[in-house]
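Here the structure is laid out as structure tokens; the discussion comes afterwards.
All values below come from the heavy atoms of this structure, side chains included, with hydrogens, waters and symmetry mates left out. Order of appearance sets the numbers: ligands from 1, and atoms from 1 within every ligand. Given the structure is predicted, the values throughout are model-derived calculations rather than measurements.
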Amino acid sequence: MFSKVLIANRGEIAVRIIRACRELGIPTVAVYSELDRDALHVRLADEAFALGGRTAAESYLNTEAILDAIARSGADAVHPGYGFFSENADFARAITERGVTFIGPPPEAIEVMGDKISARLAAARGGVSGVPGTTEFITDASQVVAFGKEFGYPIAIKAAYGGGGRGMKVVPDEASIPSAIESAQRESKAYFGRDEIYMERYLEKPRHIEIQVFGDKHGNYVYLAERDCSAQRRHQKLIEEAPAPGLPDAVRAAMGEAAVAVARACGYTNAGTCEFLFQDGEFFFLEMNTRLQVEHPATELVTGLDLVEWQLCVAAGEKLPLSQEQVTVTGHAIEVRINAEDPAGGRFMPSPGPITKLRVPSGYGVRWDGGYEAGDEISQYYDNLVGKLICWGRNRDVAIARTIRALREFGIAGVATTIPADIAILEHPDFSAIEHSTKWVETTLDLSGIASDKGEPAAPATEDGEAPRVRRTVDVEVDGKRFSVAMWVPESAPVVAVAGGGGAAARAPRPRRSGSGGSGGGSGNVAVPMQGTIVKVLVAEGDVVEAGQTVCVLEAMKMENNIAAEKAGTVKAVKVSPGDTVGSGDIVVVIE
Ligand code: MV4
């Protein structure tokens, strides 16, 4: 086994890996950016090395800085987590050349799967079919026309070196081919630096089912059940579950064997995931993710296995501990991603900031994999996953009820989270009846009723000139029954002393004044909640706007975010134009 493992990552996944190493008695090394100097993964690791920098490119993606930390720490293995260097064959090679083990697949397998056409060819070598489509780059629109004549529409045009849905365009008819090719190439170039594209038949209502596979360095493979990740929005998964509900056992076994065949065909080792689309009883290979995935704990809860332990053992040259027949699935697991995003009105605006309060649920069948504690800050520079709640139940209904129970116990303040949207999904009859597909959240689920909530009570509207008020609660007993009484007091008022050391009042967090968070009436100053670039301005001076109307579009954290008016009125000033860079809290539009 390794004598020291460096974790080239941050947040919850770094914490997850540190914990697994500790249980195996392996010392751990954390790395950190300037913003993460005091982060949880740094606090938990045995040693930590500064990378410098703030952005991912300056820190967690800085090859030189990480290689330097590996050398200085004397680590003999590196776990890349997910994202960052996890699917970077050059990085895997660079550390291997230095005699350090990459805890992941061989670089050649990463390369085969990084190119979606070679991935399709590898699957075909293993006898596994992808969605009907081409295995050559599109060089001319006439190829798409010919494909449409043979297979019909819609057609998906995809980035050959892409993934995660970026660069994918759906072509509804022949007339749309030229513009779809053009925008697929443009997006692909922008995201991946390359513009090769190919095509497939587009399936309109598939479920996303993925198989967890494992290979060791002795040619052994197993699949560890499957996960259903159909509850997603704009290619961001919200909820994952294992096993996939309603999947016939014969299909499940065939998919598992197909995933193993794909892994074998590219000489895969360590943990990987084969993604399939499942529609009308048929499944098609989509792509293989050559890393440990965010949703791996759902598989852990139903198989009873520790996948990170498996990764470490396999990377160290050990044989897989179980044969396929020895892998069993018990009950049902649901994983909910809790992101610092505000789902109000279904918009999912990033909501970075300090976490002022964090109380995570517990109890039977409840697991929390988090990257933060109260007092830590979610930075706009990184992924805004706060953590994952994973609940196990003896069947799917029990798991759903338990997850809803746990989500309702969750206490977090300072940032808005996706929890209200998660509850809406889990409580929806379509979800319990397994009538959802990958399109369901966007087309069917109604999130318009969800209000902004940063876990801090909003102060009631105040008269002009009056000091802002804050909510304080006191616990009182009336006839021997305990009540919690809320009072609205001026911010400057002394904290009421509560008998029995009732610290609740003293600890009551202050409402945040910026953005769409607390203040009752809504400000006429429309501010952006994070740093980014203005890509569109939709109003001009003198326009009459309604509360909630989008006034401009901000590109930040790789997403376009609609910035909305908080109150109705007339636009008095527009302070930005497309292309402008803005910082968190900058006022972009003034409404009177
Ligand atoms: C597709 C598809 C339908 N037909 N390919 C999106 C992400 C990338 N991994 C592949 N994706 C899709 N490819 C064909 N031929 C539908 C999707 C898709 C999707 C897939 C998995 C999970 C969520 C999704 C959401 C929208 C579209």
Side-chain angles (χ1 to χ4, degrees), residues 82-83 87 113-120 123-124 128-135 138 144 147-148 150-172 176-177 180-181 183-184 187-188 191-192 196-212 226-242 244-245 247 255 259 262 272-291 293-295 298 335 337 348 425 431 434 436-445 558-559:
Y82 51 69
E87 295 180 278
M113 291 304 166
D115 163 355
K116 304 303 156 190
I117 290 184
S118 78
R120 280 172 68 87
V128 176
S129 351
V131 189
T134 53
T135 46
I138 298 171
V144 187
F147 186 83
E150 189 178 348
F151 292 99
Y153 290 83
I155 296 169
I157 296 187
K158 297 185 170 188
Y161 295 92
R166 293 205 185 101
M168 180 170 108
K169 292 291 151 200
V170 181
V171 191
S176 319
I177 293 173
I181 290 181
S183 68
E187 259 185 49
S188 172
Y191 282 118
F192 311 108
E196 291 89 344
I197 52 170
Y198 70 105
M199 63 191 142
E200 288 174 358
R201 264 195 56 212
Y202 180 74
L203 306 181
E204 302 199 65
K205 263 189 99 180
R207 275 167 65 192
H208 170 132
I209 299 180
E210 56 184 34
I211 305 276
Q212 178 71 58
E226 77 286 356
R227 298 179 288 259
D228 185 321
C229 312
S230 300
Q232 58 86 46
R233 174 188 172 273
R234 298 202 192 167
H235 307 296
Q236 302 279 66
K237 293 169 184 166
L238 294 164
I239 295 180
E240 300 105 349
E241 53 184 319
L247 190 69
M255 258 171 139
V262 173
T273 299
C274 286
E275 292 187 8
F276 294 90
L277 292 181
F278 176 66
Q279 184 176 297
D280 306 323
E282 280 187 291
F283 65 86
F284 305 95
F285 172 77
L286 203 53
E287 49 193 75
M288 182 169 189
N289 300 317
T290 55
R291 58 167 192 275
Q293 289 195 262
V294 177
E295 57 270 31
E335 173 178 297
R337 295 190 190 195
F348 293 86
I425 294 171
F431 187 82
I434 326 167
H436 63 299
S437 73
T438 52
K439 291 230 178 125
W440 178 79
V441 171
E442 282 154 54
T443 59
T444 311
L445 186 68
K558 293 190 207 140
M559 287 200 291

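- Listed for the Q212 side chain is a donor-acceptor partner under 3.5 Å among the backbone atoms of G272.
- For atom 4 (N) of ligand 1, the closest heavy atom belonging to the protein is L203 N, 2.9 Å.
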task: Go through E200 and R120 one step at a time and tell me if the salt bridge (Lys or Arg N to Asp or Glu O under 4.0 Å) criterion holds.
output: CA-CA 11 Å; E200 288 174 358; R120 280 172 68 87; 2.8 Å; yes
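- Note on ring orientation: taking the six-membered ring where Trp is involved, the planes of F151 and F147 are tilted (angle from 30° to 60°).
- Looking at E226, its side chain does come within 3.5 Å of a backbone N or O of A244 through a donor-acceptor pair.
- Here is the list of ligand 1 atoms found below 4.0 Å of a heavy atom in E275: 9 (N).
- Taken to the nearest 0.5 Å, the OG1 atom of T443 stands 8.0 Å off from the NZ atom of K205.
- For ligand 1, the polar-atom distance check against Y202 finds no nitrogen or oxygen pair separated by under 3.5 Å.
- Between H235 and ligand 1, no pair of N/O atoms sits closer than 3.5 Å.
- Counting heavy atoms under 4.0 Å from ligand 1, residue E204 does not touch it at all.
- Below 4.0 Å from some heavy atom of L277 lie the following atoms of ligand 1, by number and element: 1 (C), 2 (C), 3 (C), 4 (N), 5 (N), 14 (C), 20 (C).
- Residue E210 holds its CD atom at 11.5 Å from CE of M288, rounded to the nearest 0.5 Å.
- Shortest contact from atom 17 (C) of ligand 1 to any protein heavy atom: M168 CE, 3.7 Å.
- Heavy-atom contacts of E200 reach the following atoms of ligand 1: 5 (N), 14 (C), 15 (N) (cutoff under 4.0 Å).
- By the criterion of a heavy-atom distance under 4.0 Å, neither the backbone nor the side chain of K439 is placed next to ligand 1.
- Rounded to the nearest 0.5 angstrom, I209 CD1 and D228 CG are separated by 5.0 Å.
- Nearest protein neighbour of atom 7 (C) of ligand 1, counting heavy atoms only, is G165 N, 3.3 Å.
- Distance alone, capped at 3.5 Å, is enough to place a donor-acceptor pair between the E187 side chain and the G167 backbone.
- Checked by atom type and distance alone, the side chain of N289 never pairs as donor or acceptor with a backbone atom of R291 at under 3.5 Å.
- Protein heavy atom at the shortest distance from atom 13 (N) of ligand 1 is K158 NZ, 3.0 Å.
- Where the criterion is an N or O separation shorter than 3.5 Å, residue side chain and backbone included, H208 fails it with respect to ligand 1.
- Below 4.0 Å from some heavy atom of R201 lie the following atoms of ligand 1, by number and element: 4 (N), 14 (C), 15 (N).
- Scanning the protein heavy atoms around atom 10 (C) of ligand 1, the nearest turns out to be L286 CD2, 3.6 Å.
- Backbone and side-chain nitrogen or oxygen atoms of Q232 are examined, and none is located within less than 3.5 angstrom of a nitrogen or oxygen of ligand 1.
- Proximity to T438 (heavy-atom distance under 4.0 Å) selects the following atoms of ligand 1: 22 (C), 23 (C), 24 (C), 25 (C).
- Close placement of the F283 and F276 rings is indicated, their centers lying within 6.0 Å of each other.
- Below 4.0 Å from some heavy atom of E287 lie the following atoms of ligand 1, by number and element: 8 (C), 9 (N).
- Counting heavy-atom neighbours within 6.0 Å of R166 CZ, excluding the residue itself, gives a total above 12.
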